[in-house]
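We name chains A, B, ... by the order of the sequence lines, and we start the count at 1 in each one. These numbers come from a predicted model, not from an experiment.
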Amino acid sequence: MITPVRVRFAPAPTGLLHIGNGRTALFNYLFARKERGTFILRIEDTDAERSTDASIEAILQDLRWLGIFWEEGPDGKGQNGPYRQSQRLSLYRDDAEKLLGKGKVYKCFCSPERLESLRKEHLSRGMMPKYDGRCRSLSEGEISKLEAGGLRPVLRFRVDKGMIVFEDLIHGRMNFDSDGIGDFIIVRSDGMAAYNFACVIDDHSMHISHVIRGDDHLSNTPRQILVYRALGWEPPVFAHHPLILGPDRSPLSKRHGATAVSQYREEGFLPDALLNYLVLLGWASPSGEEILSMEEIVEAFSLSGLSRNAPIHSRKKLEWINTQYIRKTDKDRLTQYLLPYLEKGGIAVNQLDGKYLTQICGLLKENLFILSQVEEYLGIFFDEKFFLEEEAKAVLVAPQNREALQTVLRVLEGLAEMEGDSGPSLLTQLEEKTGLKGKSLYGLLRAGITGKMKGPELVRILPLLGKERMIKRLKMALELSQLKKDESSKFES
RNA sequence: GGUCCCAUCGUCUAGUGGCCUAGGACACCGGCCUCUCACGUCGGGAACACGGGUUCGAACCCCGUUGGGACCA
């Protein structure tokens, strides 16, 4: 019989969800969907010092936002729980006892100081720092004596000679000589299970079939396989993917810029765009297509297709992908996405005409590559945010433009209210009346009406602004021009 | 220090012994479009880390060197 595919994503709740972890979650999720398996979320919060409930909440929220959903997890779903390591301590204790009984692990009383000097000594002699096994064969008597003295032992795994071989779905056959592995700790002196131990117990009891995780765990794997064997269990299949690096080839961290999924959300990246980007770091669709829907990705995805070298994060590529997604989004939906950013920019969106808002958003979508950029354009459409940029001012106060401005104003004042498609005819009319065309006219209008030198197409902006607002803004521009004129004439006299 | 992983344009990658004078995408540069930015479109520069083998033939296989990364504490 074929064992059902069960995979897990197991973050430590010590902070925000990193995009690297998001990518690991994604690979697991994709594999589960591809194989019609189960995706499980487990929280590795044995580090009580650094783990917080707030972080757990944030991680769950980020995963949901990304559209990565779990069938079993700490929020009550699933029959193989609990799904928080901090609630599984008794399980670890039971299996540790079992191993102790079988002589697979032993109590070690060596002090941190001794361990440290041992390590230094090894290092200085050009040897690998590895536990020397001093407590390996302590007698019952010695153990009770030490314990009576108040010493709390750690539990160490007895590593025997031999080769540990396993097949990694991404790297192929892996060989490790157990000689390179010292007797490692499975339970700390405070009774807390060590990572390599807890992880095995959890994966086994949750019936995990495939462990898909970062490369950083590759050399932990032989230790874990040893634990599986000692307990008489069959290890799962492993797949270790490389970690994302920063532009300097060091592990991606805060000094390289935004690393958290939530930061990208706040900046205005779309979840599907982030996911699409993340899967492209280390994987290419056989078709060569780069913008792919989740369905298409699931269809084409395979673990063996993952690259073995570590990818470097490229903000530019992410932005490009996000642009593609923004442009694909229909304007009603985009308006919904943009609402929070408008509010943040100080626009009372609930007092606005929904249709007007949708029109603005539809227009802006050609110009945005992240949602938060909408704030840059607020001044075009909302008077309370309107202001003249320096370059725009320069255009407006130029003496040769003064007359043209006045002409434009006259035309506008004689105009009936603007209709939706009256942009082109108005512009034609202005060309005739001012005798200007091309850049000289459009640039002037753009400066006076939007206060900026760049933005969406002018023809499409005009009807959205309406006659009154254009007149108001152009009058401001004229006043400025007048002021400048007075100044310079004063200067001359 | 030991063990392990990795090595194609600046970046993500395609490529699994002849289809490769190495393909695509982002970025960059230039043309076109155009009131601007962006989009779009057309074009350009740009890579098999190095050295040995194996082979009629190597980006692809083997060994070494160099470089990067991880783990071990």
Just checking N367(A): base, sugar-phosphate only, or nothing, at a heavy-atom cut-off of under 4.0 Å?
base
Mate of C71(B) across any strand shown (Watson-Crick or G-U wobble, both atom pairs under 3.5 Å) is G2(B)
Does N309(A) place a side-chain N or O at less than 4.0 Å from the phosphate oxygens OP1/OP2 of U8(B)?
yes
Name the pairing partner of C37(B), where a pair is Watson-Crick or G-U wobble with both distances under 3.5 Å, or state none.
none
What nucleic acid atoms does R315(A) come within less than 4.0 Å of, heavy atoms only: base, sugar-phosphate, or nothing?
nothing
Could you check whether G282(A) gets within reach of a base, just the sugar-phosphate, or nothing at all, counting any heavy atom under 4.0 Å?
sugar-phosphate
Ring centres under 6.0 Å, that's the criterion: do Y195(A) and H217(A) meet it?
yes
From the list U36(B), C71(B), C12(B), which nucleotide is the closest neighbour of the side chain of K454(A)?
U36(B)
RNA chain B contacts among residues 241-261 of chain A, heavy-atom distance under 4.0 Å:
R249(A), P251(A)
Can you figure out which of C37(B), U11(B), A27(B) approaches the side chain of K316(A) most closely?
A27(B)
What contact category does D177(A) fall into here, base, sugar-phosphate, or nothing, at under 4.0 angstrom with non-hydrogen atoms?
nothing
Strictly by Watson-Crick or wobble contacts shorter than 3.5 Å, is anything paired with A59(B), and which nucleotide is it?
none
Do the side-chain N or O atoms of H313(A) get closer than 4.0 angstrom to the phosphate oxygens (OP1, OP2) of U11(B)?
no
Taking C71(B), C12(B), C4(B) as options, the one with an atom nearest any side-chain atom of L218(A) is C4(B)
Check every strand shown and say whether E319(A) touches a base, only sugar-phosphate, or nothing at a heavy-atom separation below 4.0 Å.
nothing
To the side chain of R223(A), which of U13(B), C4(B), C72(B) is closest?
C72(B)
How is L458(A) classified with respect to the nucleic acid when contacts are heavy atoms under 4.0 Å: base, sugar-phosphate, or nothing?
base
Within the modelled atom types, does a donor on one side and an acceptor on the other bring the side chain of R308(A) and the base of C6(B) under 3.5 Å apart?
no
Using a strict 4.0 Å threshold on nitrogen-to-oxygen distance, state whether R158(A) and D183(A) make a salt bridge.
no
Could you check which of C39(B), A25(B), A70(B) has an atom nearest any side-chain atom of R327(A)?
C39(B)
All side-chain contact (heavy atoms from CB on, under 4.5 Å) counterparts of L245(A), not counting sequence neighbours
R249(A), A310(A), I312(A)
Which nucleotide in the set C6(B), A25(B), C72(B) lies at the smallest distance from any side-chain heavy atom of E290(A)?
A25(B)
State whether the distance check finds a donor on one side and an acceptor on the other, under 3.5 Å, for side chain D215(A) versus base C5(B).
no
Base, sugar-phosphate alone, or nothing: which one does G288(A) contact when heavy atoms must sit under 4.0 Å apart?
nothing
Of A284(A) and N220(A), whose nearest nucleotide on RNA chain B comes first from the 5' end?
A284(A)
Set of side-chain hydrogen bond (donor to acceptor under 3.5 Å, both in side chains) partners for H241(A), sequence neighbours left out
T24(A)
Partner of G10(B) under the Watson-Crick or G-U wobble criteria, both distances under 3.5 Å, comes out as C26(B)
Tell me the partner of G64(B), counting only Watson-Crick (N1-N3 plus N6-O4 or O6-N4) or G-U wobble (N1-O2 and O6-N3) with both under 3.5 Å; none if nothing fits.
C50(B)
Quick one: which residue pairs count as a side chain to side chain donor-acceptor pair (under 3.5 Å) with a foot in residues 442-466 of chain A, not counting sequence neighbours?
none
Hey, would you say the F166(A) and F238(A) ring centroids sit under 6.0 Å apart?
yes
So the salt bridge (charged side-chain N to carboxylate O under 4.0 Å, His left out) pairs with at least one residue in residues 269-291 of chain A (sequence neighbours excluded) are E290(A)-K317(A)
Now, which nucleotide makes the Watson-Crick or G-U wobble pair with U16(B), with each of the two distances under 3.5 Å?
none
Give a yes or no on whether the backbone of T329(A) and the side-chain of K365(A) come within a donor-acceptor separation of less than 3.5 Å.
yes
Summary of side chain to side chain donor-acceptor pair (under 3.5 Å) pairs that have at least one residue in residues 305-314 of chain A, sequence neighbours excluded:
Y264(A)-H313(A), Y277(A)-H313(A), S307(A)-N309(A)
Separation of U13(B) atom C1' from E289(A) atom CD, nearest Å, is 14 Å
Using a 4.0 Å heavy-atom cut-off across all strands, classify T323(A) as base, sugar-phosphate, or nothing.
nothing
